[in-house]
Visitor: 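Pasting a structure below so you can have a look.
All values derive from a computational prediction rather than experimental measurement. Chain A is the first sequence line, chain B the second, and so forth, proteins listed ahead of strands; every chain is numbered from 1.
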Amino acid sequence: MLDIQLLRTDLAHVARVLATRNYIFPTTEFSALEAERKNLQTYTEELQARRNAASRQIGNAKSRGEDVSSILAEVASLGDELRQAEAQLQKTQAALQQILLQIPNLPHSSVPEGINEADNREVRRWGTPRAFDFMVRDHVSIGEGLGLLDFPTATKLSGARFSLMTGALARLHRALAQFMLDTHTQEHGYTEAYVPYLVNAESLRGTGQLPKFKEDLFEIPRKKAGSVEVLSGQENYQDALTSNSTYQPEDDDLYLIPTAEVPLSNMVRDRIVALESLPIKLTAHTPCFRSEAGSYGRDTRGMIRQHQFEKVELVQIVHPQHSYEALEELTGHAETILQKLELPYRVMALCTADMGFSAAKTYDIEVWLPEQNAFREISSCSNCEAFQARRMQARFRKEKGKPELLHTINGSGLAVGRTLVAILENFQNSDGSVSIPEILHPYMGGLVRLTA
RNA sequence: GGAGAGAUGGCCGAGUGGUCGAAGGCGCUCCCCUGCUAAGGGAGUAUAGGCUCAAAAAGCUUAUCGAGGGUUCGAAUCCCUCUCUCUCCGCCA
């Protein structure tokens, strides 16, 4: 969420900058609503002040045993007027908030301007893709050849975009996650966290997935009040009819996390943290669930794009002055994993049009996949500045003055499934076996090679 | 799932319709006193928003006592709904 003060004072500029993200700011609508809000709020608060003053008078008079009927008559008409004003103000503010929640973050000045992913800028490159003297195969062919990867059965169990691994491949998958976690906790100073995989709507609003990207999430409805079950009981039925509650079932639903960024970042939601506790560096290994709505036909083969995948996430919650250093650092932490695994990659600075909703700046790390003869995204590291913190009301207490919004940085360190894909493809041998990167040997009980 | 208790400021805790953003204590900050890592005295100590203002400062003002709604001139206090926490029983990895 952007600072509404900024929109009030410099709307044209904000609209211009957001246009580079392919976002059309509803300028007219916003201005109209904002003007309305100002009028309504001034008016409403004036009425409230009058009511409060009168009520105080009544209290005083009564305590002195005086007659209050004249004051009562004075405020008699106030009630309806006030109620109406309050309702209208609330409606206007809700509309304004709805707009505000859907505006993407402002790109940082260092972000290259562009119209699509072709305008992303390569920042650096590490490693040299290996030269093969045989026909390289993709991970599906390799995995199935080893008898350790089974998509047909995964499809039988669940459907498209799920995978099933067995034996040493399943173990390698687990080993990767362990290795990543160990590296980040022991060498990079992150605190490991075990987090819920189901989160509420408020958490998703905090990090920016809701309300705009609901269709990308798996939602778990809760069976409860308001449903047919409750209405069947006579007593409850009466209750439901007479209840003044504005209870909304969808607000109560839980969602499967699309990334551990959601629970990790939301740890500081509605909190004012001590200055000394910064930076907060958190990591977690979790499954991630994505509906992949709108990506039909893309990456249908293999385990590149799945409804369920594992990821080791890195999150930093930092002082605003240090967030760009933190972004560089965190990106480096993710790169370390690829370096230790000896996987060639490049780092891309995403252009304005290709960045995610909450990001002010994003580096994508892309790993080399020989069969695709291309670099593919394996990590995405973003500085969200105060965008998420403002939604979450995540602040820190300064030496002096008001609490200030934190900055949040997150990145994958790394996507486990895609790392596994990269290992299968980069470390494949002509006989169909796959060598295991040296750093993983201890995690594999000394196994150095996947064989059929 | 059944029965009961509860949710107040950084923490503890008072407050059952009126001057309460909230007594008191603890903690913290500043000052004073004290020649010694103690004790005492004083002051301060929530958050968000709006308006006036070029801005700052300042002033005025609104909201918030788990959340939402209601009753009332007036709600931390009364009523309704929900959420969460705790205790006992049941079930369960």
Visitor: Report the C-alpha distance between A:Phe396 and A:His319 in whole Å, list the side-chain angles of each, state the deciding distance to 0.1 Å, and finish with yes or no for ring-ring contact (aromatic ring centres under 6.0 Å, His included).
Guide: CA-CA 8 Å; A:Phe396 67 99; A:His319 192 289; 4.8 Å; yes
Visitor: Can you see whether A:Asn200 engages A:Ser203 through a side-chain donor-acceptor pair at a distance of less than 3.5 angstrom?
Guide: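 Distance-only check passes for A:Asn200 and A:Ser203.
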Visitor: Taking only the side-chain nitrogens and oxygens of A:Lys38, find out if one of them lies under 4.0 Å from OP1 or OP2 of B:C51.
Guide: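 For B:C51, OP1/OP2 do have a side-chain N/O of A:Lys38 under 4.0 Å.
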Visitor: Tell me, with the steps shown, if A:Glu86 and A:Arg83 meet salt bridge (Lys or Arg N to Asp or Glu O under 4.0 Å).
Guide: CA-CA 5 Å; A:Glu86 279 174 339; A:Arg83 236 184 301 277; over 6 Å; no
Visitor: OP1 or OP2 of B:G50 versus the side-chain N and O atoms of A:Gln5: is any pair under 4.0 Å?
Guide: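 So the side chain of A:Gln5 is within the cut-off, an N or O lying under 4.0 Å from OP1 or OP2 of B:G50.
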Visitor: Is the phosphate of B:U62, meaning OP1 or OP2, less than 4.0 Å from a side-chain N or O of A:Asn52?
Guide: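 So the side-chain polar atoms of A:Asn52 do come within 4.0 Å of the phosphate oxygens OP1 or OP2 of B:U62, strictly under.
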Visitor: Which nucleotide, if any, forms a Watson-Crick or G-U wobble pair with B:G6, using both distances under 3.5 Å?
Guide: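 Looking at the geometry, B:G6 pairs with B:C84.
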Visitor: Go nucleotide by nucleotide along RNA chain B from the 5' end; which of A:Glu86 and A:Gln90 gets its closest nucleotide reached first?
Guide: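 This one resolves to A:Glu86.
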Visitor: For B:A48, does OP1 or OP2 lie under 4.0 Å from any side-chain N or O of A:Arg395?
Guide: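 So the side-chain polar atoms of A:Arg395 do come within 4.0 Å of the phosphate oxygens OP1 or OP2 of B:A48, strictly under.
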Visitor: Can you tell me if the side-chain N/O atoms of A:Arg397 get under 4.0 Å from OP1 or OP2 in B:U47?
Guide: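 True: A:Arg397 side-chain N/O within range (under 4.0 Å) of B:U47 OP1/OP2.
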Visitor: With a 6.0 Å cut-off (strictly less than), is the heavy-atom count around NZ of A:Lys212, excluding the residue itself, greater than 12?
Guide: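 Correct, the count exceeds 12.
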Visitor: Within the pair A:Lys402 and B:A48, is there a side-chain N or O less than 4.0 Å away from OP1 or OP2?
Guide: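 A:Lys402 to B:A48 OP1/OP2: side-chain N or O found under 4.0 Å.
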Visitor: Respond yes when some side-chain nitrogen or oxygen of A:Arg271 is under 4.0 Å from OP1 or OP2 of B:A46, and no when none is.
Guide: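 Answer is no, no contact under 4.0 Å.
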